[in-house]
Amino acid sequence: VSAADTEGVASVTRGEIPETESYDDLIDAFNSVVENEEVTITLLKDIDLDDKICTTAQSCKITLDLNGKTVSGTHKDGVLMINNNASVRVTDSGTGGTIIGSNEFSYTTGNDFSSIIYYRGVVSVLDGKFILENGNISNTNNEDDGCGIFVCGASSEIFISGGNIS
C-alpha cells in the first residue's frame with residue numbers, strides 16, 4: 001500500500017487474504033486490532049500525537065512499519081505503551097523511520113505523602129513483547145531521566161536485532 005493508493009495517516013492490513021483499511025488516526029488504527037489478531041500497520045504520513053498509543057487487544061501481534069515516516073509524541077507516558085500480552089514488532093520499509101518522544105520520569109504523591117515514581121520510555125513494555133528490527137527510537141528529553149525503551153513486568157520481553165535507540 002502506498003500513500004498514493006490510500007488516504008489517511010496509516011493503513012491496517014489483516015487476514016489470510018490480505019485486506020487493507022485506511023485510518024485517519026494512528027490511535028484508531030491500533031484500537032481496531034482485536035484479541036489474538038495479527039496485523040500490519042503501515043504509516044503513510046508523518047504523525048504528531050497528543051496522546052499515547054496503547055495496545056488494547058489481548059494477545060495481538062502487530063507489525064508497525066514506519067515506512068520512512070516519523071511518529072512524534074509528547075505525552076508524559078511516552079508514544080507507545082505495550083500491554084495485554086501484546087506483541088509489537090517495529091520495522092521500516094523506507095529510510096529513516098522514527099518514533100520520537102520527549103517523556104521523562106514522573107511521580108505522584110498520595111494522601112499519606114507516599115510517592116510513586118513512574119518511569120516511562122518512548123516505548124514502554126508493561127506486559128508484552130517489543131521487537132525492534134529496523135527504524136529509530138529517539139527520546140529528545142535533554143534531562144538524564146528519559147529513556148528510549150522502558151521494560152517492566154515479569155512477562156515483558158524485548159528483542160533488538162536492528163535499528164537505533166537514542
Asks: Before giving the answer on side-chain contact (heavy atoms from CB on, under 4.5 Å), spell out for Ile53 and Leu26 the whole-Å C-alpha distance, their side-chain angles and the decisive distance to 0.1 Å.
Replies: CA-CA 8 Å; Ile53 301 165; Leu26 183 58; 3.5 Å; yes
Asks: Find out if a path of hydrophobic residues (ILVMFWY) with successive side-chain heavy-atom gaps under 4.5 Å connects Ile47 to Ile100.
Replies: no
Asks: Within a strict 4.5 Å, meaning less than it, do heavy atoms of the Leu126 and Ile82 side chains meet?
Replies: no
Asks: Mind running side chain to side chain donor-acceptor pair (under 3.5 Å) on Thr98 and Thr70 for me, showing each step along the way?
Replies: CA-CA 5 Å; Thr98 306; Thr70 298; 4.5 Å; no
Asks: Are Val125 and Phe150 close enough that some pair of their side-chain heavy atoms sits under 4.5 Å apart?
Replies: no
Asks: When rounded to the nearest 0.5 angstrom, what is the spacing between NZ in Lys52 and OG1 in Thr74?
Replies: 12.0 Å
Asks: Which heavy-atom pair separates Cys54 from Asn31 by the least distance, and what is that distance?
Replies: O-OD1, 4.0 Å
Asks: Quick one: do Ser93 and Asp65 satisfy side chain to side chain donor-acceptor pair (under 3.5 Å)? Show the steps, please.
Replies: CA-CA 6 Å; Ser93 63; Asp65 180 358; 2.8 Å; yes
Asks: In terms of side-chain heavy atoms, does Asn83 have a donor or acceptor partner in Thr55 at a distance below 3.5 Å?
Replies: yes
Asks: Looking only at heavy atoms, which two atoms of Asn139 and Gly148 are closest? And how far apart?
Replies: CB-N, 4.4 Å
Asks: Grab the two heavy atoms, one from Ile131 and one from Ser87, that are nearest each other, plus how far apart they are.
Replies: CD1-OG, 4.1 Å
Asks: To the nearest 0.5 angstrom, please state how far the OG1 atom of Thr91 sits from the CG atom of Leu64.
Replies: 9.0 Å
Asks: side-chain contact (heavy atoms from CB on, under 4.5 Å) between Val71 and Val79: does it pass, once the steps are laid out?
Replies: CA-CA 8 Å; Val71 178; Val79 176; 3.8 Å; yes
Asks: Taking only Lys NZ, Arg NE, NH1 and NH2, and the carboxylate oxygens of Asp or Glu, determine whether Glu38 and Arg14 approach each other closer than 4.0 Å.
Replies: no
Asks: Heavy atoms, side chains only, cut-off 4.5 Å: are Phe130 and Glu157 in contact?
Replies: no
Asks: Is any side-chain heavy atom of Ile99 closer than 4.5 Å to a side-chain heavy atom of Asn136?
Replies: no
Asks: Any side-chain heavy atom of Ile160 sitting closer than 4.5 Å to one from Ile165?
Replies: yes
Asks: Look up atom OG in Ser32 and atom CD in Glu21, then write down how far apart they are to the nearest 0.5 Å.
Replies: 6.5 Å
Asks: Sequence neighbours excluded, which residues qualify as side chain to side chain donor-acceptor pair (under 3.5 Å) partners of Ser155?
Replies: Asp127
Asks: So, do Val9 and Tyr23 sit near enough that their side-chain heavy atoms are less than 4.5 Å apart?
Replies: no
Asks: Are Ile158 and Val123 connected in a single hydrophobic cluster, I mean Ile/Leu/Val/Met/Phe/Trp/Tyr linked by side-chain heavy atoms less than 4.5 Å apart?
Replies: yes
Asks: Hey, are the side chains of Val90 and Asn134 touching, using non-hydrogen atoms and a 4.5 Å cut-off?
Replies: no
Asks: Identify the two heavy atoms, one from Ala10 and one from Ala29, that lie closest to each other, and give their separation to 0.1 Å.
Replies: CB-CB, 4.5 Å
Asks: Which of these passes side chain to side chain contact (heavy atoms under 4.5 Å, CB included) with Ser11: Leu43, Asn67, Leu44?
Replies: Leu44
Asks: Hey, does Leu66 have a side-chain heavy atom less than 4.5 Å from the side chain of Lys69?
Replies: no
Asks: To the nearest 0.5 Å, what is the distance between OG1 on Thr56 and CG on Asn84?
Replies: 7.0 Å
Asks: Using the salt bridge (Lys or Arg N to Asp or Glu O under 4.0 Å) rule, collect all pairs that involve residues 81-99, keeping only residues at least two apart or in two chains.
Replies: Arg89-Glu133
Asks: About how many Å separate CG of Leu132 and CD1 of Ile149, when rounded to the nearest 0.5 Å?
Replies: 6.0 Å
